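What follows is one structure encoded as structure tokens, with my remarks underneath.
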Amino acid sequence: MELDNLKDIWKQQSLEQPLESAEQIRSLLHKKSQSPVSKMKRNLRRELNVVLILYSASIIFYAFYEGGQYWEISVMMLIVGVFFGAYYYKKNKLLTEMENVSGKVKYNLETKVIELRKYIRFYYLAGIFLPILIYPLTGLIMFYKSPLKELNSFFGWFFIGFGVFFGFVVYFVNKWYVHKLYGKHLKKLEDLLIEMNEVADNNTKMSS
Amino acid sequence: MPEKANQEQFVTLINEHNAMLHKVCHVYCHSPADRQDLFQEIVVQLWKSFSSFRGESKFSTWLYRIALNTAISDLRRQQRRIKVDYPELVPMDLAAEPFNNEREEQLQHLYEGIAQLGEIEKALVMLYLDDKSYDEMEDILGINQNNLRVKMNRVKEKLRKLTKAVEHGVR
């Protein structure tokens with residue numbers, strides 16, 4: 001088959017494509033996007049709602065429990081909550097940027113690769129930083145607010161030692177998990193971009 | 001009321017370009033279920049972006065961009081696609097059905113040939129087969145025209161060989 005022949009075959013099939021009725025198209029307009037980015041955005045919003053409800057209730061509870069004896073827990077949760085707010089804002093911003101599909105294909109791929117890299121780095125850092133922030137804060141509250149402070153110094157060293165171990169575990173598990181979640185996708189997008197840039201590179205090599 | 005008018009205008013435009021959307025789905029998805037999913041997703045994405053369409057480019061150019069972006073960068077569907085490195089696994093569902101005529105068989109061969117191309121090459125082939133000018137291709141893909149010409153020559157040659165191979169039963 002010659003290419004002109006292929007063009008004819010290609011064009012003729014237009015007449016055979018199934019036509020959706022106007023009603024069917026209209027019904028699609030009310031559907032939610034099933035793209036991974038839109039799903040991630042929806043999950044993030046759900047996560048925010050759960051955190052808002054649970055954190056607000058817990059902060060109020062500890063602020064007044066036993067005449068405000070455990071107010072430090074409320075402060076700790078408030079600090080973590082503020083960090084979560086920043087985490088939510090940044091993640092939502094990156095996802096919104098990734099959601100746009102109206103640009104030129106090459107630009108769209110470049111944007112997605114850049115934004116996904118940023119997203120992975122942020123997810124990775126937040127996954128390490130948040131547990132490492134919470135662990136010493138929990139330790140401080142435990143020492144000053146519970147009978148544990150009366151224990152010998154062994155417990156203190158154990159707590160620090162476990163913290164170091166915990167930090168290593170968090171670091172490696174987080175690295176593995178982030179790679180498992182997004183590594184393949186990023187690689188695929190990068191490969192597509194390489195395929196797209198191939199010609200430009202070859203031309204540059206030929207002219208030099 | 002303006003929303004309603006907007007919606008009606010959108011539905012009319014989609015109906016006019018329905019065939020093009022189906023071609024994108026056919027090129028990028030192998031199973032009917034995946035094609036249906038992709039079609040829905042493209043329409044949803046088009047509707048989400050419709051309010052920002054200013055008419056700076058042709059509607060078909062804008063539509064092609066969104067359809068190709070959705071098809072190419074859909075991370076989820078990519079995992080379900082059969083790897084074209086193993087063409088013997090390409091499940092062209094049409095192949096199972098008997099051909100009604102020679103043209104249908106040729107169309108099947110064309111799709112089988114296209115299925116063995118890379119994701120970007122598929123986009124180039126579609127634009128070529130749809131007789132898009134290099135200006136329009138540049139506007140859709142964002143690749144400059146010199147590069148497009150080089151790439152297009154290679155892809156056309158590749159497609160010619162692939163369709164011939166498929167025609168002669170070599171995959």
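Below, chains carry the letters A, B, ... as their sequence lines are ordered, and counting in each starts from 1. No experiment lies behind these values; they were computed from the predicted model shown.
Shown here for Ile143(B) and Met196(A), the closest heavy-atom pair between the two residues is CD1-CE, 3.7 Å. The two residues Asn69(B) and Val101(A) come nearest to each other via the heavy atoms ND2-O, 2.7 Å. What you find for Arg65(B) and Gly103(A) is that their closest heavy atoms are CD-O, 3.4 Å. Lys151(B) and Glu195(A) get closest at one heavy-atom pair: NZ-O, 3.0 Å.
Taking CD1 of Ile9(A) as the start and CD of Glu105(B) as the end, the distance is 10.5 Å to the nearest 0.5 Å. Between atom CG of residue Asp37(B) and atom OG of residue Ser35(A) there is a gap of 12.5 Å, rounded to the nearest 0.5 Å. Note that the CD1 atom of Ile120(B) and the CG atom of Leu192(A) stand 5.0 Å from one another [nearest 0.5 Å]. Here the CD atom belonging to Glu119(B) is positioned 10.5 Å from the CG atom belonging to Leu189(A), to the nearest 0.5 angstrom. Here CD1 of Ile25(A) is found 10.0 Å from CD of Gln40(B). Values are rounded to the nearest 0.5 Å.
Residue Arg121(A) qualifies as open at atom CZ: its count of foreign heavy atoms under 6.0 Å is 12 or below. Under a cut-off of 6.0 angstrom, the local environment of OH in Tyr62(A) is sparse, with at most 12 non-hydrogen atoms contributed by other residues, nucleotides or ligands. Counting heavy atoms of neighbouring residues, nucleotides and ligands inside a 6.0 Å radius, atom OH of Tyr89(A) does not exceed 12 of them. Atom CZ of Phe158(A) sits in a sparse spot, with 12 or fewer heavy atoms from other residues, nucleotides or ligands closer than 6.0 Å.
Highest contact tally toward chain B, considering only Glu99(A), Glu110(A), Lys32(A), is held by Glu99(A) [criterion: heavy-atom pairs under 4.5 Å]. Interface summary for chain B: among Leu29(A), Leu109(A), Asn108(A), the most heavy-atom pairs under 4.5 angstrom belong to Leu29(A). With chain A as the partner, the residue from Leu124(B), Ile140(B), Val43(B), Leu159(B) showing the most heavy-atom pairs under 4.5 Å is Ile140(B). Of the listed residues Leu21(B), Thr12(B), Leu129(B), the one with more heavy-atom pairs under 4.5 angstrom with chain A than any other is Leu129(B). Per-residue heavy-atom pair counts under 4.5 Å with chain B were compared for Arg26(A), His30(A), Lys112(A), and the maximum is reached by Arg26(A).
If you measure heavy-atom distances from Phe53(B) to chain A, you find no contacts under 4.5 Å at all. In this structure, no portion of Val125(B) lies under 4.5 Å from any heavy atom of chain A. If you measure heavy-atom distances from Ile14(B) to chain A, the contacts under 4.5 Å come from the side chain alone. Within the 4.5 angstrom heavy-atom criterion, only side-chain atoms of Glu8(B), from C-beta onward, approach chain A.
A ring-centre distance under 6.0 Å is found for Trp10(A) and Tyr111(B).
Between Trp47(B) and Leu28(A) there is no side-chain heavy-atom pair separated by less than 4.5 Å. Side-chain contact check for Lys104(A) versus Asp139(B): some heavy-atom pair is nearer than 4.5 Å.
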Residue pair Lys106(A), Leu141(B): steps toward the side-chain contact (heavy atoms from CB on, under 4.5 Å) verdict: CA-CA 6 Å; Lys106(A) 189 179 169 193; Leu141(B) 297 174; 6.0 Å; no
Trace of the side-chain contact (heavy atoms from CB on, under 4.5 Å) decision for Lys48(B) with Ser38(A): CA-CA 12 Å; Lys48(B) 271 170 77 177; Ser38(A) 301; 3.7 Å; yes
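Using a cutoff of 4.0 Å between basic side-chain nitrogens and carboxylate oxygens, Asp131(B) and Lys11(A) are scored as salt-bridged. With respect to the salt-bridge test (charged N to carboxylate O, under 4.0 angstrom), the residues Lys31(A) and Glu41(B) do not qualify.
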